[in-house]
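All heavy atoms count here, side chains included; hydrogens, waters and symmetry mates do not.
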Amino acid sequence: MMDPRLEAIVERMLDKCIFDGKYQQAMGMSVECKRLDKLEEAISQCDNLNGALAYCINLSHQYVSHREYRCEILRCLVKIYQTLPNPDYLSICQCLMFLGDPETVGNILGKLLSGSKDDTLLAFQIAFDLFENENQAFLLNVKNHLDTLSLQTSAQTLPSDQTAGTEPSADAQMTDNVITPNGNAHTVDPNEVVHADRLTKIKGILSGETSIQLTLQFLYSHNRSDLLILKTIKQALEMRNSVCHSATICSNAIMHAGTTVDTFLRENLEWLSRATNWAKFSATAGLGVIHRGHLTQGRALMAPYLPQSGAASGGSPYSEGGALYALGLIHANHGEGIKQFLRESLRNTSSEVVQHGACLGLGLAALGTADEEIFEDVKNILYTDSAVAGEAAGIGMGLLMVGTASEKAGEMLAYAHDTQHEKIIRGLSLGIALTVYGREEEADTLIEQMTRDQDPILRYGGMYALALAYRGTANNKAIHQLLHFAVSDVSDDVRRTAVLALGFVLYNEPEQTPRIVSLLSESYNPHVRYGAALAVGISCAGSGLSDAISLLEPLTSDVVDFVRQGALIAMSMVMIQTNESYDSRVGTFRRQLEKIILDKHEDTMSKMGAILATGILDAGGRNVTIRLQSRSKHDKLTAVVGLAVFTQFWYWYPLTYFISLAFSPTAFIGLNSDLKVPKFEFLSNTKPSHFDYPKPTTQQTTTASVKLPTAILSTYAKAKSRAKKEAESKAQEKAEAPPSEDASTSIQVDGAAEKKAPEPEPTFQILTNPARVVPAQEKFIKFLEGGRYDPVKVAPSGFVLLRDLKPTETEELVLTDAPATQATNAAAGQQGSGAAAMAVDEEPLPPQPFEYTS
């Protein structure tokens, strides 16, 4: 029981804040005191209602550590929002998504689609913003609810005689009509046609087809990958080093993620064909990263390697397994069209390598959908107790049930105790951790069970469960637990993972991470140092944070090879899309990577880290960053899950490709009401060099090799000494002679050249839609006054819907061509048929036919 006198003091304080107009303090106190009645009172009396509500949403996400209470606050805010004369539907739908209420979101979108053109643009903008949070299961439910609403509406608008099933009148037959589900004709209302068109468009946005297609076109058209860097890496490697060979193929995939450019593979088919067994699996899977998002053509692209049903295929099981994994990467989080094919492939094979690829592919394609049938299929593979297939089955089950806190986690834990295979236990421990993604205190019982287990592999899974349950919350209890395990557990694996997990808990406050792990980064235990490096890499990814770079710099030259590897990868994650003019240490780091790759005496582990780091620095054709939160501060489910599985590359290299799930395009793409990309200009109010692409490397720097001491003969040394003396005596004679006229003029010319200062760099830059806008640049983006287009929502990047203020004028459209879709036979080491698909330097098209007259 609370003392009523204390309550009275707090009540008076709250009332005084509201009376004095200190509304933000009143809101903060109300949230801390759990007095939602006072929160409503403070918001209702505030002049700027929308601003107050936005402030409260921010409060709930940043400072409320209890998930259930956070949901209560958001329900209260949604209730207030809906009473406003002009509700902020963008914020309402974000709250409803966090609350898991797809029906209300569907109702709001349905209402807006039936309204004016501006309302429709707002509905499209909401759909794009929801899509950015990457919650496939929620978006599918919204889409299904919209379908239900449209069916109800069409049934209500049918004429009564036609609903009864009678023959249409002669008048109806004379007008435009369509056949209804009961076989009768129905006159088409123009408003219905418009509504149907809008509905088709919004379903395309929610399913991801529109966004993914536009992103694909942007990454292809703006690709700035530097193939010379890859060429240098390839030339510097020893022929026999399969680890570095695989790392180079992986680096190429990351460098070209989503661009569909596979030129490097086509140009090096013979070199590529050296990949055997699991390296071949990895090489084939890399195509999935390069072609990520090619939803319509994904299966056709991978056709040369996929298992052939019916006929006995002579293909390698490693290629087939890799191709199924690649299909999962292409359709990650958008697998409606490919799930059935992957299920059939899984059922029709007895090869554990193919099963491995199919389980990973199914987990990726059906991410978070909790599909019971798929779960049973993957569970059957787990129960075969095959180490290789079982590991992928454990991860696949976790990906499928991500964030559901399903009771099936208990089944998985029971099997982990029964099996003797370490691989299966490890796959299951990660899978169990994925099921409690984002569940916070709800996951505490399972976390307690795993972290107290005698098996170190399950305790290791417990660290991931802590990391994912409390991802991006900076929860003190979770940080305290992880730090405790980081210094006290007897297993190095558990300690390393406990430190690494801090990166996931703290990514919403990246500035805190270097401070919290700074002592751990100096630990005597190399596993702890490695964990500290990756923790900083994960939480500060894409930030270019100075403290993070300072902490990682000494670790990149650590005495232990795998610590250097972790530090190099982490540094590239922090520096992604930061150039040399923004931070000079980026140039130093690039040169360090080149030196490590070219050094014949460097350890394989460090070399592998340097090769992967090179790919990450220039990921996605230099047009993507690693972003774990959307612009509305929601966690990007796919990105967080992708990085969690990526960190498993310590045990299994093919899982490196999961990092591609965390890549987020840094693009501003303005769209008109037809979801086309019009050409217009906007302002970046800072020096162009700060956020420009890195300069392309030249042949001289890329072919530079480590210099070895030259043997010098005694006769050569004497001759050189004699020549030097003669040169010195000639120079002295010349200095004593009076200067000629020519010499004096040349000195003056040189002086004039020296005095001429270079032109100052402009302080702004005009960008054309669509444009690359990196995160640090976002605060400098402004729309030009008096322009043709006005944004529905003021946003510096992402998909932005535009109102056309001059609709009568013709529009110039860009991004109209999709990239070509020819499959490559590169990964199998066969000569590709047809021209190279999407080469970087394409031939110009022949001119149009014309008549020649003299």
Side-chain angles (χ1 to χ4, degrees), residues 416 422-423 425-434 436 443-444 446-471 474-507 512-540 548 551-552 554-556 558-571 573 605-606 609 643-652 655:
E422 279 196 13
K423 275 177 172 289
I425 301 170
R426 184 165 290 112
L428 281 168
S429 63
L430 179 63
I432 295 164
L434 288 167
V436 294
D444 284 352
L446 184 68
I447 290 169
E448 182 79 6
Q449 208 175 339
M450 292 179 80
T451 53
R452 287 184 178 277
D453 203 286
Q454 287 190 334
D455 187 338
I457 302 177
L458 283 169
R459 292 204 303 279
Y460 156 93
M463 299 305 107
Y464 274 105
L466 259 169
L468 294 171
Y470 290 96
R471 83 283 165 274
N475 183 289
N476 277 332
K477 184 182 75 172
I479 293 169
H480 186 270
Q481 274 183 281
L482 289 169
L483 287 171
H484 169 72
F485 281 104
V487 295
S488 66
D489 202 278
V490 292
S491 162
D492 279 339
D493 281 0
V494 177
R495 293 180 68 179
R496 182 183 70 247
T497 313
V499 185
L500 180 153
L502 288 165
F504 287 103
V505 177
L506 286 161
Y507 66 70
Q512 300 273 20
T513 315
R515 185 176 58 80
I516 288 174
V517 303
S518 61
L519 284 174
L520 295 168
S521 72
E522 296 167 14
S523 166
Y524 70 92
N525 186 326
H527 289 267
V528 173
R529 297 203 297 277
Y530 176 95
L534 271 190
V536 171
I538 290 161
S539 69
C540 305
L551 184 138
L552 290 168
L555 292 175
T556 59
D558 196 274
V559 290
V560 179
D561 57 354
F562 67 78
V563 177
R564 293 200 294 279
Q565 182 196 70
L568 292 170
I569 290 170
M571 185 77 98
M573 289 165 76
M605 286 289 93
S606 307
L643 273 193
V645 184
F646 160 71
T647 55
Q648 301 295 304
F649 80 87
W650 174 280
Y651 301 102
W652 192 236
L655 296 177

- Report yes or no: is the cationic atom of Arg426 (NZ for Lys, CZ for Arg) under 6.0 Å from the centre of the six-membered ring of Tyr651, at an angle within 45° of the ring normal?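 Because its charged atom sits under 6.0 Å from the ring centre and within 45° of the axis, Arg426 does stack over Tyr651.
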Can you name the nearest heavy-atom pair linking [X] to [Y], along with the distance?
X      : Y      : result
Ser429 : Gly461 : CB-CA, 3.7 Å
Val536 : Ala548 : CG1-CB, 3.5 Å
Ala467 : Ala501 : CB-CB, 3.5 Å
Gly609 : Ile569 : O-CG1, 3.9 Å
Gly503 : Ser539 : O-CB, 3.3 Å
Leu506 : Ala474 : CD2-CB, 4.1 Å

- Query: Going through the checks in order, is the side-chain contact (heavy atoms from CB on, under 4.5 Å) test met by Arg496 and Trp650?
  - Reply: CA-CA 11 Å; Arg496 182 183 70 247; Trp650 174 280; 3.3 Å; yes
Who passes salt bridge (charged side-chain N to carboxylate O under 4.0 Å, His left out) against [X], sequence neighbours left out?
X      : value
Asp561 : none
Asp444 : Lys477
Arg471 : Asp635

- Message: Tell me if a side-chain donor or acceptor on Arg495 pairs with a main-chain N or O of Val490 at a distance below 3.5 Å.
- Response: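 Side chain of Arg495 to backbone of Val490: no pair is present.
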Side-chain heavy-atom pair [X], [Y] within 4.5 angstrom cut-off:
X      : Y      : answer
His484 : Thr451 : no
Met463 : Asp489 : no
Tyr470 : Ile447 : yes
Leu555 : Val563 : yes
Thr513 : Leu502 : no
Val560 : Tyr530 : no

Quick one: pull up [atom1] in [X] and [atom2] in [Y] and give me the separation to the nearest 0.5 Å.
X      : Y      : atom1 : atom2 : result
Leu551 : Met571 : CG    : CE    : 9.0 Å
Leu500 : Thr647 : CG    : OG1   : 5.0 Å
Ile425 : Ile457 : CD1   : CD1   : 5.0 Å
Cys540 : Tyr507 : SG    : OH    : 13.5 Å

- Going by the side-chain hydrogen bond (donor to acceptor under 3.5 Å, both in side chains) test, which pairs reach into residues 514-523, not counting sequence neighbours?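 For residues 514-523: Gln512-Arg515.
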- Set of residues satisfying ring-ring contact (aromatic ring centres under 6.0 Å, His included) with respect to Tyr464, sequence neighbours excluded: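 Here the qualifying residues are Tyr460.
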- Message: Please enumerate all residues that pass ring-ring contact (aromatic ring centres under 6.0 Å, His included) together with Phe649, with sequence neighbours excluded.
- Response: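 Phe646.
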- Query: Given the rule in the side-chain contact (heavy atoms from CB on, under 4.5 Å) test, do Val487 and Leu520 qualify, once you have shown the distances and angles that lead to the verdict?
  - Reply: CA-CA 9 Å; Val487 295; Leu520 295 168; 4.2 Å; yes
- Going through the checks in order, is the side-chain contact (heavy atoms from CB on, under 4.5 Å) test met by Leu466 and Val505? CA-CA 8 Å; Leu466 259 169; Val505 177; 6.0 Å; no
- Would you sort out whether Leu468 and Val436 count as a side-chain contact (heavy atoms from CB on, under 4.5 Å), showing the intermediate values? CA-CA 7 Å; Leu468 294 171; Val436 294; 5.6 Å; no
